[in-house]
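All chains are named by letter (A, B, ...) in the order of the sequence lines, taking the proteins before the strands, and each is independently numbered beginning at 1. Given the structure is predicted, the values throughout are model-derived calculations rather than measurements.
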2 protein chains.
Amino acid sequence: MIPANEQNPVSPADLDFWSFVALANRKLATEYGFAHQLATQVLITLNRASDLVTYDLEASVHRPRGRSWSAFRLLFVIWLAGPMEPSTAARLTGMSRAAVSNLTKTLIGDGLLARTAAERDGRSVTLSLTDAGQAEMVDVFREHNEREFEWADALTEAEQRTLISLLDKLITAERAIEVRGRA
Amino acid sequence: MIPANEQNPVSPADLDFWSFVALANRKLATEYGFAHQLATQVLITLNRASDLVTYDLEASVHRPRGRSWSAFRLLFVIWLAGPMEPSTAARLTGMSRAAVSNLTKTLIGDGLLARTAAERDGRSVTLSLTDAGQAEMVDVFREHNEREFEWADALTEAEQRTLISLLDKLITAERAIEVRGRA
DNA sequence: TCGAAATAGTTAACGCTTTAATCAGTTCTT
DNA sequence: AAGAACTGATTAAAGCGTTAACTATTTCGA
């Protein structure tokens, strides 16, 4: 078989994620002259890593219990931060307010959440966990946390802290551009 | 105003992402005795960072052109790796084959992709960029890459390389568990 | 204090993704 | 060479998320 090289590029069918990234890197630089390949590599890898982990956790822990990834995230913040208004939940989870509203409907139907009128503002409501919701979170998080550990354990504790601080720096930096977030 | 402390916890409405993570950390450890908080912190941060970046790029670069994030990813791999079968595109983008099939339909309708019968296998097809697709990618990637740079520029080049290698290590590690991926 | 503007939540319409089922073509086994 | 098992792509049905419009309430300013 003829070895792949510049003149005989490897067939796309033989590429995996990392060899594709390498190929993309080379072509973006040499054929098109784009300047910021390292940035591309950072964001592509970030995206891929997050997708892999999220899909795995959802598929192995939450779907089997009939729960979606988003439902888990919503219950998670209310579980730990306590009763709150939908807009706060949206901010802490990164969802839109509409998504919270829709999720809330099903979670109330499943008996995990309760919605009560807000104290000070007649427009608003307070979301809180029911006893069943509380119990479910304690139970499901045991499994969730074990699997999180399986993932994170690939890195040393020091590496994990480094990763967190680099991601922190990435998302909290002051920027010339205005970052677009959900309405 | 009474300062927040253990006895007078801050109201959820006042939490931002990082103070929530800190609070979650504390409660998971002290109230519930979960062992792997650092893992939780790594994965929560990874997820949040990826969501922020992806949403921003989609909202500022791709939606205004009438294109979705996924459509961009699909065109991107075909642009750089060349014509390929749908299953290869699914593997490289991390989408399901059904998602590729659906996206392909609209992108062909928009004149950016072409679908031709595969050479060797009568069941398969080959997806390739049209001239218009090629031109659009060169054009849109200019903008995309500039904005990627704005994000990544928060880190030094060394930090970016560290981040990539930590994420690489995270997703390519051998594990006891079997990681769940898309069908 | 009264009307306008702003804000909280929900609803509606639409698009995208997922899993499961289906169709078509290939490969393996005998 | 024929049938069974397999593989690739597509389609169907269902679920979920998004933006935009809408309703109700509150706040601000003349």
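Whole-Å rounding puts the A:E119 CD to D:dT26 C1' distance at 17 Å. Between the CE atom of B:M95 and the P atom of D:dT10 there is a distance of 14 Å, given to the nearest Å. Taking atom CZ on A:R97 and atom C1' on C:dA12, their separation rounds to 15 Å, with Å as the unit. One interatomic measurement links the two molecules: NZ of B:K105 to C1' of C:dT17, which rounds to 13 Å at whole-angstrom precision. Residue A:L103 contributes atom CG, which lies 8 Å from atom C1' of D:dC16 at whole-angstrom precision. Atom CG in A:D121 sits about 8 Å away from atom P in C:dG9, given to the nearest Å. Protein atom CZ of B:R67 is 14 Å distant from nucleotide atom P of C:dG15, rounded to whole Å. Rounded to whole angstrom, the span from the CE atom of B:M84 across to the P atom of D:dG8 amounts to 16 Å.
Considering only the side chain of A:R182, D:dT18 comes nearest among D:dT10, C:dG9, D:dT18. The listed nucleotides are C:dG9, D:dT10, D:dA20; the one nearest the side chain of B:V125 is D:dT10.
OP1 and OP2 of C:dA8 both lie 4.0 Å or more from every side-chain N or O belonging to A:S124. A close approach under 4.0 Å does occur between a side-chain nitrogen or oxygen of A:S70 and OP1 or OP2 of D:dG17. Checking the phosphate oxygens (OP1, OP2) of C:dT18, a side-chain nitrogen or oxygen of B:S96 falls inside 4.0 Å. For B:S68, no side-chain nitrogen or oxygen approaches OP1 or OP2 of C:dG15 to under 4.0 Å.
Residue B:L127 is the one, among B:L127 and A:N102, whose nearest nucleotide of DNA chain D lies closer to the 5' end (criterion: closest heavy atom). If B:T106 and B:A98 are placed on DNA chain C by their nearest nucleotide, the residue sitting closer to the 5' end is B:T106. The residue among A:G122 and B:V100 whose nearest nucleotide of DNA chain D is located toward the 5' end is B:V100.
Looking only at atom types and distance, the side chain of A:S19 has a donor-acceptor partner in the side chain of A:D16 under 3.5 Å away.
Salt bridge status for B:R147 with B:E143: absent, with no side-chain N to carboxylate O gap under 4.0 Å. Ion pairing between B:E58 and B:R63 holds under the 4.0 Å rule for side-chain N and carboxylate O. Taking 4.0 Å as the cut-off between side-chain N and carboxylate O, A:D153 and B:R175 do not count as a salt-bridged pair.
Among the protein residues, A:S101 comes within range of the nucleic acid bases, having at least one heavy atom under 4.0 Å from a base atom.
Put simply, the side chain of A:R123 and the base of D:dA24 share no donor and acceptor less than 3.5 Å apart.
You'll find the side chain of B:D139 reaches within 4.5 Å of the side chain of B:R65, heavy atoms only.
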